[in-house]
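Nothing here was measured: the structure is a model prediction, and the numbers come from that model. For the numbers below, each heavy atom of this structure counts, side chains included, while hydrogens, waters and symmetry mates do not. Along the sequence shown, residues are numbered consecutively beginning with 1.
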Amino acid sequence: MKLPSRAAALMAAVLFASLTGVSEASAAQRADAEALPSLNMEAAVKAAQIDPRRPDSTLTPGAKASVLLVEQALRDLRLLDAKWVDGYFGTTTVTAYANYQKSLGLSGLDANGLPGKTSLTKLGTGRFKVTDIIDPGARVSTGGFVVNARTRSMLAEAKRLLGRDLKLDQGSYNPGGDPTSAGTHDGGGVVDISVKGMNSATRTAVVRTLRQVGFAAWLRNPQQDDWPWHIHAVAISDTSLSGQAQHQIGDYYLGLNGLAGRGPDDGPKVSIRTWEEYRRR
(Lines give C-alpha, C1' and ligand atoms only; values in the text may rest on other atoms or scores of the structure.)
Protein backbone atom coordinates (compact mmCIF):
# COMPACT_ATOMS: atom_id res chain seq x y z
CA MET A 1 0.00 0.00 0.00
CA LYS A 2 1.31 3.42 -0.90
CA LEU A 3 1.46 5.87 2.00
CA PRO A 4 0.09 9.38 1.62
CA SER A 5 2.88 11.85 0.96
CA ARG A 6 2.41 13.54 4.34
CA ALA A 7 2.70 10.21 6.23
CA ALA A 8 5.71 9.19 4.20
CA ALA A 9 7.40 12.47 4.97
CA LEU A 10 6.66 12.03 8.68
CA MET A 11 8.12 8.52 8.72
CA ALA A 12 11.24 9.73 6.92
CA ALA A 13 11.69 12.47 9.48
CA VAL A 14 11.33 10.00 12.36
CA LEU A 15 13.84 7.64 10.76
CA PHE A 16 16.31 10.45 10.16
CA ALA A 17 16.00 11.62 13.75
CA SER A 18 16.53 8.08 14.97
CA LEU A 19 19.65 7.58 12.86
CA THR A 20 20.96 10.98 13.86
CA GLY A 21 20.46 10.08 17.52
CA VAL A 22 22.39 6.84 17.10
CA SER A 23 25.16 8.67 15.28
CA GLU A 24 25.36 11.34 17.94
CA ALA A 25 25.39 8.70 20.70
CA SER A 26 28.22 6.84 18.97
CA ALA A 27 30.17 10.06 18.55
CA ALA A 28 29.64 10.86 22.23
CA GLN A 29 30.87 7.41 23.24
CA ARG A 30 33.96 7.82 21.08
CA ALA A 31 34.60 11.24 22.58
CA ASP A 32 34.27 9.83 26.09
CA ALA A 33 36.73 7.03 25.28
CA GLU A 34 39.21 9.47 23.76
CA ALA A 35 38.95 11.69 26.84
CA LEU A 36 40.08 8.87 29.14
CA PRO A 37 43.73 8.98 30.23
CA SER A 38 46.10 6.49 28.62
CA LEU A 39 47.82 3.75 30.61
CA ASN A 40 51.05 2.44 29.12
CA MET A 41 50.96 -1.29 29.84
CA GLU A 42 54.66 -1.76 29.09
CA ALA A 43 55.57 0.83 31.72
CA ALA A 44 53.22 -0.60 34.35
CA VAL A 45 54.44 -4.17 33.85
CA LYS A 46 58.05 -3.06 34.01
CA ALA A 47 57.45 -1.32 37.33
CA ALA A 48 55.60 -4.35 38.72
CA GLN A 49 58.74 -6.43 38.13
CA ILE A 50 61.34 -3.96 39.38
CA ASP A 51 59.75 -2.06 42.27
CA PRO A 52 59.19 -5.05 44.59
CA ARG A 53 62.93 -5.82 44.42
CA ARG A 54 64.17 -2.30 45.15
CA PRO A 55 65.86 -1.57 48.49
CA ASP A 56 64.13 1.84 48.56
CA SER A 57 61.06 3.60 47.18
CA THR A 58 62.63 4.87 43.96
CA LEU A 59 60.05 4.98 41.18
CA THR A 60 60.63 3.20 37.88
CA PRO A 61 61.39 5.93 35.31
CA GLY A 62 58.48 6.65 32.99
CA ALA A 63 56.02 4.45 34.89
CA LYS A 64 54.55 6.69 37.59
CA ALA A 65 51.51 7.98 35.67
CA SER A 66 50.48 4.50 34.54
CA VAL A 67 51.07 2.91 37.95
CA LEU A 68 48.97 5.63 39.59
CA LEU A 69 46.06 4.81 37.28
CA VAL A 70 46.27 1.15 38.33
CA GLU A 71 46.52 2.02 42.01
CA GLN A 72 43.66 4.52 41.89
CA ALA A 73 41.42 1.90 40.29
CA LEU A 74 42.41 -0.69 42.91
CA ARG A 75 41.71 1.86 45.64
CA ASP A 76 38.27 2.56 44.20
CA LEU A 77 37.59 -1.19 44.32
CA ARG A 78 38.69 -1.21 47.98
CA LEU A 79 41.57 -3.53 47.23
CA LEU A 80 44.33 -1.03 48.03
CA ASP A 81 44.56 1.45 50.87
CA ALA A 82 44.84 5.08 49.74
CA LYS A 83 48.27 5.48 51.37
CA TRP A 84 49.71 3.08 48.79
CA VAL A 85 48.53 5.14 45.81
CA ASP A 86 51.98 6.57 45.16
CA GLY A 87 53.17 5.43 41.72
CA TYR A 88 55.34 2.71 43.27
CA PHE A 89 54.32 -0.81 42.15
CA GLY A 90 55.67 -2.53 45.25
CA THR A 91 54.67 -5.79 46.89
CA THR A 92 51.49 -4.28 48.37
CA THR A 93 50.27 -3.19 44.93
CA VAL A 94 51.28 -6.52 43.37
CA THR A 95 49.25 -8.35 46.03
CA ALA A 96 46.28 -6.03 45.50
CA TYR A 97 46.43 -6.58 41.75
CA ALA A 98 46.60 -10.36 42.23
CA ASN A 99 43.50 -10.13 44.43
CA TYR A 100 41.78 -8.11 41.70
CA GLN A 101 42.66 -10.81 39.15
CA LYS A 102 41.20 -13.45 41.47
CA SER A 103 38.03 -11.37 41.83
CA LEU A 104 37.59 -11.79 38.07
CA GLY A 105 37.69 -15.56 38.48
CA LEU A 106 41.28 -15.83 37.27
CA SER A 107 43.76 -18.18 38.93
CA GLY A 108 47.28 -19.55 38.63
CA LEU A 109 49.50 -17.62 36.22
CA ASP A 110 46.56 -15.37 35.29
CA ALA A 111 46.53 -14.12 38.89
CA ASN A 112 50.27 -13.56 39.35
CA GLY A 113 50.03 -9.87 40.24
CA LEU A 114 51.40 -8.66 36.89
CA PRO A 115 48.94 -6.56 34.88
CA GLY A 116 47.82 -8.81 32.03
CA LYS A 117 45.98 -7.69 28.90
CA THR A 118 42.59 -9.08 29.95
CA SER A 119 42.59 -7.93 33.58
CA LEU A 120 44.08 -4.51 32.82
CA THR A 121 41.55 -3.79 30.09
CA LYS A 122 38.75 -4.78 32.44
CA LEU A 123 40.16 -2.60 35.23
CA GLY A 124 40.34 0.34 32.84
CA THR A 125 36.68 0.28 31.86
CA GLY A 126 35.44 3.85 32.29
CA ARG A 127 38.75 4.84 33.90
CA PHE A 128 41.56 4.62 31.34
CA LYS A 129 42.46 3.22 27.94
CA VAL A 130 45.32 0.72 27.69
CA THR A 131 48.11 1.36 25.19
CA ASP A 132 51.39 -0.43 24.40
CA ILE A 133 49.84 -3.82 25.10
CA ILE A 134 52.00 -6.87 25.84
CA ASP A 135 50.62 -10.25 24.83
CA PRO A 136 52.66 -13.45 25.42
CA GLY A 137 50.46 -15.29 22.94
CA ALA A 138 49.47 -18.93 22.86
CA ARG A 139 51.54 -21.83 24.13
CA VAL A 140 53.54 -23.34 21.31
CA SER A 141 56.33 -25.87 20.86
CA THR A 142 59.91 -25.19 19.89
CA GLY A 143 62.83 -27.58 20.04
CA GLY A 144 60.60 -30.14 21.73
CA PHE A 145 59.69 -27.82 24.62
CA VAL A 146 56.65 -25.70 25.42
CA VAL A 147 57.03 -21.90 25.38
CA ASN A 148 54.70 -19.10 24.33
CA ALA A 149 54.56 -17.34 20.97
CA ARG A 150 56.38 -14.24 22.23
CA THR A 151 59.25 -16.28 23.66
CA ARG A 152 59.53 -18.33 20.47
CA SER A 153 59.80 -15.15 18.41
CA MET A 154 62.50 -13.82 20.71
CA LEU A 155 64.50 -17.04 20.43
CA ALA A 156 64.12 -17.03 16.65
CA GLU A 157 65.52 -13.50 16.45
CA ALA A 158 68.45 -14.42 18.71
CA LYS A 159 69.23 -17.39 16.45
CA ARG A 160 69.08 -15.16 13.39
CA LEU A 161 71.48 -12.64 14.89
CA LEU A 162 73.88 -15.36 16.04
CA GLY A 163 73.68 -17.36 12.81
CA ARG A 164 73.39 -20.58 14.77
CA ASP A 165 70.78 -22.80 16.40
CA LEU A 166 70.11 -22.80 20.13
CA LYS A 167 69.24 -26.11 21.79
CA LEU A 168 66.90 -25.92 24.76
CA ASP A 169 67.44 -27.99 27.90
CA GLN A 170 64.18 -26.81 29.51
CA GLY A 171 61.17 -24.81 28.42
CA SER A 172 58.35 -22.90 30.13
CA TYR A 173 55.15 -23.88 31.98
CA ASN A 174 57.02 -26.72 33.69
CA PRO A 175 55.96 -26.71 37.36
CA GLY A 176 58.14 -29.02 39.41
CA GLY A 177 60.05 -30.16 36.35
CA ASP A 178 63.45 -29.28 37.78
CA PRO A 179 63.74 -28.68 41.55
CA THR A 180 66.96 -26.68 41.07
CA SER A 181 65.01 -24.08 39.06
CA ALA A 182 63.20 -22.95 42.23
CA GLY A 183 59.95 -22.36 40.37
CA THR A 184 61.29 -20.03 37.67
CA HIS A 185 60.07 -22.36 34.90
CA ASP A 186 56.59 -22.76 36.43
CA GLY A 187 55.29 -19.93 34.25
CA GLY A 188 55.97 -18.58 30.79
CA GLY A 189 58.91 -16.72 29.30
CA VAL A 190 61.70 -18.88 30.77
CA VAL A 191 64.09 -21.29 29.02
CA ASP A 192 67.39 -23.00 29.71
CA ILE A 193 69.79 -23.27 26.77
CA SER A 194 72.46 -25.90 26.32
CA VAL A 195 76.06 -24.69 25.96
CA LYS A 196 77.42 -28.08 24.91
CA GLY A 197 80.13 -27.62 22.30
CA MET A 198 80.43 -23.86 22.89
CA ASN A 199 83.68 -22.24 23.89
CA SER A 200 83.84 -19.37 26.37
CA ALA A 201 83.60 -16.67 23.69
CA THR A 202 80.56 -18.30 22.08
CA ARG A 203 78.77 -18.70 25.41
CA THR A 204 79.28 -15.00 26.14
CA ALA A 205 78.09 -14.05 22.66
CA VAL A 206 74.89 -16.08 23.14
CA VAL A 207 74.14 -14.45 26.50
CA ARG A 208 74.79 -11.00 25.03
CA THR A 209 72.49 -11.62 22.06
CA LEU A 210 69.71 -12.99 24.26
CA ARG A 211 69.94 -9.83 26.35
CA GLN A 212 69.82 -7.67 23.25
CA VAL A 213 66.47 -9.12 22.13
CA GLY A 214 64.81 -8.77 25.54
CA PHE A 215 65.86 -11.63 27.81
CA ALA A 216 67.45 -11.37 31.22
CA ALA A 217 70.09 -14.03 30.57
CA TRP A 218 72.96 -15.48 32.57
CA LEU A 219 75.53 -18.25 32.10
CA ARG A 220 75.09 -20.70 34.98
CA ASN A 221 77.89 -23.00 36.19
CA PRO A 222 78.12 -26.01 38.56
CA GLN A 223 79.84 -23.94 41.25
CA GLN A 224 76.64 -21.94 41.72
CA ASP A 225 74.34 -24.89 42.39
CA ASP A 226 73.67 -28.53 41.56
CA TRP A 227 73.30 -28.02 37.81
CA PRO A 228 75.43 -28.37 34.67
CA TRP A 229 76.74 -25.47 32.61
CA HIS A 230 73.79 -23.81 30.84
CA ILE A 231 72.30 -20.42 29.96
CA HIS A 232 69.21 -19.34 31.90
CA ALA A 233 67.04 -16.84 30.02
CA VAL A 234 63.90 -15.03 31.24
CA ALA A 235 61.78 -12.94 28.84
CA ILE A 236 61.45 -9.47 30.35
CA SER A 237 57.84 -8.32 30.85
CA ASP A 238 56.24 -11.63 29.91
CA THR A 239 52.97 -11.29 31.79
CA SER A 240 52.77 -15.06 32.44
CA LEU A 241 55.98 -15.16 34.50
CA SER A 242 56.02 -17.07 37.77
CA GLY A 243 56.66 -15.05 40.91
CA GLN A 244 60.24 -16.33 41.10
CA ALA A 245 60.92 -15.33 37.50
CA GLN A 246 59.45 -11.88 38.15
CA HIS A 247 62.00 -11.46 40.92
CA GLN A 248 64.83 -12.43 38.57
CA ILE A 249 63.74 -9.73 36.12
CA GLY A 250 63.65 -7.12 38.87
CA ASP A 251 67.11 -8.15 40.03
CA TYR A 252 68.44 -7.99 36.46
CA TYR A 253 67.34 -4.36 36.17
CA LEU A 254 69.06 -3.68 39.49
CA GLY A 255 72.38 -5.13 38.32
CA LEU A 256 72.12 -8.51 40.07
CA ASN A 257 72.59 -12.11 38.92
CA GLY A 258 69.10 -13.47 39.48
CA LEU A 259 70.21 -16.04 42.08
CA ALA A 260 68.97 -16.36 45.65
CA GLY A 261 72.14 -14.76 47.02
CA ARG A 262 71.49 -11.65 44.88
CA GLY A 263 75.11 -11.28 43.82
CA PRO A 264 76.31 -8.79 41.18
CA ASP A 265 75.43 -9.42 37.56
CA ASP A 266 78.17 -11.54 36.00
CA GLY A 267 77.02 -11.28 32.37
CA PRO A 268 78.02 -9.03 29.47
CA LYS A 269 76.82 -5.47 29.80
CA VAL A 270 74.14 -4.40 27.32
CA SER A 271 71.39 -1.81 27.33
CA ILE A 272 68.43 -3.48 29.03
CA ARG A 273 65.39 -3.62 26.79
CA THR A 274 62.22 -5.61 26.36
CA TRP A 275 61.25 -7.48 23.19
CA GLU A 276 58.86 -4.67 22.31
CA GLU A 277 61.57 -2.05 22.79
CA TYR A 278 63.95 -4.10 20.67
CA ARG A 279 61.45 -4.27 17.82
CA ARG A 280 60.99 -0.48 17.92
CA ARG A 281 64.69 0.34 17.96
Side-chain angles (χ1 to χ4, degrees), residues 39-125 127-128 130 132-136 148 150 172-173 175 182-190 216 234-256 258-260 262 272 274 276:
L39 185 148
N40 185 310
M41 181 175 175
E42 289 183 29
V45 171
K46 188 179 292 185
Q49 296 164 106
I50 304 171
D51 292 354
R53 305 298 285 174
R54 292 186 187 279
D56 53 30
S57 57
T58 300
L59 301 184
T60 294
K64 181 179 180 179
S66 294
V67 174
L68 279 173
L69 288 172
V70 171
E71 292 176 328
Q72 288 162 357
L74 293 173
R75 176 203 60 200
D76 293 346
L77 294 173
R78 300 178 183 240
L79 294 171
L80 185 68
D81 192 276
K83 70 179 180 180
W84 302 113
V85 180
D86 53 8
Y88 182 81
F89 213 126
T91 55
T92 302
T93 303
V94 169
T95 299
Y97 198 90
N99 287 335
Y100 164 67
Q101 290 169 317
K102 293 172 185 175
S103 77
L104 298 179
L106 302 175
S107 60
L109 296 173
D110 293 325
N112 62 0
L114 285 183
K117 177 182 176 181
T118 299
S119 60
L120 194 58
T121 301
K122 180 73 173 177
L123 184 66
T125 303
R127 296 184 178 94
F128 54 77
V130 182
D132 301 278
I133 291 173
I134 300 171
D135 187 358
N148 58 46
R150 181 175 182 265
S172 307
Y173 307 106
T184 56
H185 290 263
D186 288 6
V190 184
V234 186
I236 299 171
S237 292
D238 186 309
T239 55
S240 65
L241 293 171
S242 68
Q244 296 88 335
Q246 292 176 41
H247 292 168
Q248 289 188 320
I249 296 297
D251 284 355
Y252 177 58
Y253 272 101
L254 298 176
L256 304 175
L259 294 173
R262 306 192 75 188
I272 299 178
T274 66
E276 290 73 25

Of the non-hydrogen atoms in Pro52 and Val94, which two are nearest, and what is the gap between them? CG-CG2, 3.9 Å

Salt bridge or not for Lys64 and Glu71, using N-O below 4.0 Å? no

Would you compute the distance between atom OG of Ser237 and atom NZ of Lys46 and round it to the nearest 0.5 angstrom? 6.5 Å

Pairwise distance CG(Asp51) to OG1(Thr60) - rounded to 0.5 angstrom: 3.5 Å

Examine distances only and state if a side-chain atom of Glu276 and a backbone atom of Ile133 form a donor-acceptor pair shorter than 3.5 Å. no

Does a side-chain heavy-atom distance below 4.5 Å link Ile134 with Arg150? yes

Determine whether Leu254 and Arg262 make a side-chain contact, defined as any pair of heavy atoms from C-beta on separated by less than 4.5 Å. yes

As an exercise, state the distance from CG of Asp81 to OG1 of Thr93, rounded to the nearest 0.5 Å. 10.5 Å

So, taking the atom named CG in Leu241 and the one named CD1 in Ile236, what distance separates them when rounded to the nearest 0.5 Å? 10.0 Å

Where is the tightest heavy-atom contact between Lys122 and Leu104, given as atom of each residue plus distance? CG-CD2, 4.0 Å

Minimum heavy-atom separation for Leu109 to Ser240, with atom names? CD2-O, 3.6 Å

Strictly distance-based, threshold 3.5 Å: is any side-chain N or O of Tyr100 a donor or acceptor partner for the main-chain N or O of Leu123? yes

Asp110/Gln101 under side-chain contact (heavy atoms from CB on, under 4.5 Å): CA gap, chis, key distance, verdict: CA-CA 7 Å; Asp110 293 325; Gln101 290 169 317; over 6 Å; no

For the pair Ser242 (side chain) and Gly183 (backbone), establish whether a donor and an acceptor sit closer than 3.5 Å, ignoring hydrogens and angles. yes

Rounded distance [0.5 Å steps], CG in Leu79 versus NZ in Lys102: 11.5 Å

Inter-residue atom distance Asn148.CG - Asp135.CG, 0.5 Å rounding: 9.0 Å

Can a donor-acceptor pair be found, under 3.5 Å and without considering hydrogens, that links the side chain of Asn112 to the backbone of Thr239? yes

Closest heavy-atom pair, Tyr88 versus Thr58, reported as atoms and distance to 0.1 Å, is CE1-O, 3.4 Å

Smallest heavy-atom separation, Ala216 atom then Ile249 atom, equals CB-CD1, 3.8 Å

Without swapping roles, check the side chain of Tyr252 against the backbone of Ile272 for a donor-acceptor pair under 3.5 Å. no

Donor-acceptor contact below 3.5 Å, side chain Arg54 vs main chain Ile50: no

Given 3.5 Å as the limit, does a donor-acceptor pair link the side chain of Thr184 with the main chain of Ala245, or not? no

Without swapping roles, check the side chain of Ser66 against the backbone of Ala44 for a donor-acceptor pair under 3.5 Å. no

Please check if the side chain of Tyr97 supplies one atom and the backbone of Leu120 the other of a donor-acceptor pair under 3.5 Å. yes

Measure across Ala47 and Ala63 and return the closest heavy-atom pair with its distance rounded to 0.1 Å. CB-CB, 3.8 Å

Between the main-chain N or O of Gln244 and the side-chain N or O of Gln248, is there a donor-acceptor pair closer than 3.5 Å? no

